[in-house]
**Student:** 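Submitted below is the structure of interest, expressed as structure tokens.
Values below: all heavy atoms of this structure, side chains included; hydrogens, waters and symmetry mates excluded. What you are looking at is a predicted structure, and each value in this text was computed from that prediction instead of being measured.
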Amino acid sequence: VQPSSLHGQPWAMLGQQSVSSVTRPDGTSVATFTDLAIDLAQTSYSLVFTTPTLHIAPVTSRNITVSIGLAHHLVIARNLVNVTASFPFEQQPIVHILDKGHNLVLHNHLGAATPVTASIVQVPCGPIDPRGLTRQCLNVSVIGTNVVSGLAGVVNYTDIGVSLSADNVSVIFHSPGLLSVVAPYFNVTASNPIYVRIAHKVNNSFAGEQLIGPLKVQILDKAKNLVDNDRFARNITVVTLRWDRGTGHDLGVLHNVGLYSNTTFNNTVLTKLGVAEFDAFRITRFG
């Protein structure tokens with residue numbers, strides 16, 4: 001094929017490019033090519049045929065135009081960046097719709113406007129529980145507008161993200177009749193904490209004795225993910241005791257119950273990996 005490149009873009013010849021000639025009954029010899037193709041859609045190609053065994057001049061075909069084919073597969077033109085749970089990716093992905101020769105499909109009648117869906121490849125699951133041969137899986141999903149139609153073969157996502165924090169997550173882009181494409185695996189981190197949740201409640205106890213616990217409090221982001229990154233560590237404070245019922249003389253008082261100490265209980269604890277643990281306190285009044 002001539003020329004070797006067009007407008008700076010290299011092309012590739014596909015198919016069987018060398019065949020043997022066959023002699024027909026009338027004595028003529030014919031070489032038949034059956035699967036030649038050129039991958040780059042352009043104009044002004046020509047084919048040059050040569051034979052090393054005969055001392056004859058090469059034969060050049062007329063100019064050939066290679067047109068864009070039907071939509072065939074998807075590729076990721078721009079990957080997603082900075083994955084924070086329940087928030088859109090800071091860099092939204094761009095997907096291209098290509099034909100078999102990897103040309104961008106520009107025209108709607110060829111499939112340029114095909115809708116492309118972004119989904120989670122597989123739900124991340126924890127280790128198998130040998131007692132029940134089961135595993136706990138996260139209900140992770142793509143949030144935002146995850147079905148977008150191509151415009152001149154380009155699919156621009158604007159607001160997609162991942163619902164929950166998890167490790168080893170990936171997104172697959174797929175459309176009926178086209179070969180899909182999978183993004184590289186990534187970890188989804190929790191976002192800024194905005195909720196506090198009691199994760200482990202204390203049980204009944206006796207006045208002046210350490211509550212049976214310990215009391216554990218978690219910090220969560222807006223999607224209720226545990227914010228287990230100490231970059232977001234927060235001080236958690238026990239503000240007051242709520243007196244619901246009972247015959248206590250007055251509001252209880254929180255105290256430290258260390259082995260050798262009766263000092264006032266430290267009611268503020270800094271979270272570690274998203275959890276604040278109040279591991280030693282008692283209430284002095286019954287109720």
Side-chain angles (χ1 to χ4, degrees), residues 73-97 113-129 131-151 154-201 216-236 270-277:
H73 63 280
L74 305 172
V75 298
I76 298 173
R78 186 177 72 184
N79 234 321
L80 45 89
V81 170
N82 292 344
V83 187
T84 301
S86 71
F87 283 91
F89 303 133
E90 287 189 18
Q91 177 173 286
Q92 291 288 312
I94 296 176
V95 174
H96 284 177
I97 302 171
T114 299
V116 178
T117 302
S119 306
I120 297 298
V121 173
Q122 60 184 17
V123 177
C125 296
I128 293 178
D129 182 352
R131 295 169 296 180
L133 296 179
T134 61
R135 64 176 72 198
Q136 183 176 6
C137 300
L138 298 175
N139 187 24
V140 181
S141 61
V142 172
I143 61 173
T145 308
N146 69 321
V147 181
V148 178
S149 295
L151 179 62
V154 178
V155 182
N156 284 291
Y157 293 90
T158 59
D159 63 350
I160 65 170
V162 176
S163 60
L164 301 177
S165 61
D167 293 337
N168 296 321
V169 179
S170 185
V171 174
I172 183 172
F173 299 94
H174 54 96
S175 183
L178 304 183
L179 298 179
S180 58
V181 63
V182 177
Y185 282 83
F186 53 83
N187 295 334
V188 184
T189 60
S191 56
N192 286 309
I194 60 174
Y195 294 109
V196 174
R197 176 176 66 190
I198 296 176
H200 188 279
K201 299 178 181 179
K216 293 183 180 181
V217 175
Q218 297 175 331
I219 54 175
L220 311 176
D221 67 9
K222 76 173 186 177
K224 304 299 177 67
N225 298 295
L226 176 67
V227 184
D228 56 1
N229 188 333
D230 282 339
R231 181 165 62 92
F232 298 107
R234 296 290 189 271
N235 283 310
I236 305 297
L270 183 68
T271 60
K272 183 176 182 181
L273 298 179
V275 179
E277 183 171 324

**Student:** Are any of the side-chain heavy atoms of I143 and F87 separated by less than 4.5 Å?
**Tutor:**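 No, every pair of side-chain atoms sits at 4.5 Å or beyond.
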**Student:** How far apart are the closest heavy atoms of N168 and N187, and which atoms are they?
**Tutor:**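 Looking at all heavy atoms of both residues, the shortest contact is N-OD1, 3.0 Å.
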**Student:** Got a sec, which residues hit side chain to side chain contact (heavy atoms under 4.5 Å, CB included) with E90, two or more places apart in sequence or on another chain?
**Tutor:**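 So E90 forms a side chain to side chain contact (heavy atoms under 4.5 Å, CB included) with N82.
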**Student:** Counting C-beta onward and ignoring hydrogens, is there a side-chain heavy-atom pair between P184 and N79 closer than 4.5 Å?
**Tutor:**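 Contact flag for P184/N79 side chains = yes.
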**Student:** Taking ring pair (Phe, Tyr, Trp, His ring centres under 6.0 Å) as the test, write out the residues that go with H73, two or more places apart.
**Tutor:**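 Testing H73 for ring pair (Phe, Tyr, Trp, His ring centres under 6.0 Å), a comparison that skips the adjacent residues, returns H102.
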**Student:** With a 4.5 Å heavy-atom cut-off, do L74 and H96 have their side chains touching?
**Tutor:**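 Sidechains of H96 and L74: no contact.
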**Student:** Side chain to side chain contact (heavy atoms under 4.5 Å, CB included) with S141: which residues, sequence neighbours excluded?
**Tutor:**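 S141 satisfies side chain to side chain contact (heavy atoms under 4.5 Å, CB included) with S163 once adjacent residues are dropped.
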**Student:** Return the set of residues passing side-chain hydrogen bond (donor to acceptor under 3.5 Å, both in side chains) with R197 (not counting sequence neighbours), or none when no residue passes.
**Tutor:**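 Expected list: Q218.
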**Student:** Who pairs with T117 by side-chain hydrogen bond (donor to acceptor under 3.5 Å, both in side chains), at least two apart in sequence or on another chain?
**Tutor:**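 side-chain hydrogen bond (donor to acceptor under 3.5 Å, both in side chains) list for T117, sorted by chain: empty.
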**Student:** Just so I know, are the side chains of N146 and V142 near enough to count as touching, which here means a heavy-atom distance under 4.5 Å?
**Tutor:**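 Yes; the side chains approach each other to less than 4.5 Å.
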**Student:** Is it the case that over 12 heavy atoms from other parts of the model lie below 6.0 angstrom from the CG atom of L151?
**Tutor:**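 Counting neighbours around CG of L151, 12 or fewer heavy atoms of other residues, nucleotides or ligands fall under 6.0 Å, so no.
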**Student:** Determine yes or no for a side-chain-to-main-chain donor-acceptor pair under 3.5 angstrom, with T84 supplying the side chain and T189 the backbone.
**Tutor:**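 A pair under 3.5 Å: no.
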**Student:** Measure the CD1-CZ distance between I76 and R78 for me, rounded to the nearest 0.5 Å.
**Tutor:**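 If we round to the nearest 0.5 Å, I76:CD1 and R78:CZ are 12.0 Å apart.
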**Student:** Using atom types as modelled, flag every donor-acceptor pair under 3.5 Å from a side chain in residues 155-162 to any protein atom, sequence neighbours excluded.
**Tutor:**
unit_1	atom_1	unit_2	atom_2	d
Y157	OH	V116	O	2.9
D159	OD1	T145	N	2.9
D159	OD2	T145	OG1	3.4

**Student:** Quick one: side-chain hydrogen bond (donor to acceptor under 3.5 Å, both in side chains) partners of Q92, sequence neighbours excluded?
**Tutor:**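 Residues passing side-chain hydrogen bond (donor to acceptor under 3.5 Å, both in side chains) with Q92: none at all.
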**Student:** With a 4.5 Å cut-off on side-chain heavy atoms, are T114 and L178 touching?
**Tutor:**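 The answer is yes; the side chains approach within 4.5 Å.
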**Student:** Do F186 and V171 touch side chain to side chain, with heavy atoms closer than 4.5 Å?
**Tutor:**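 A side-chain contact exists here, since the closest heavy-atom pair is under 4.5 Å.
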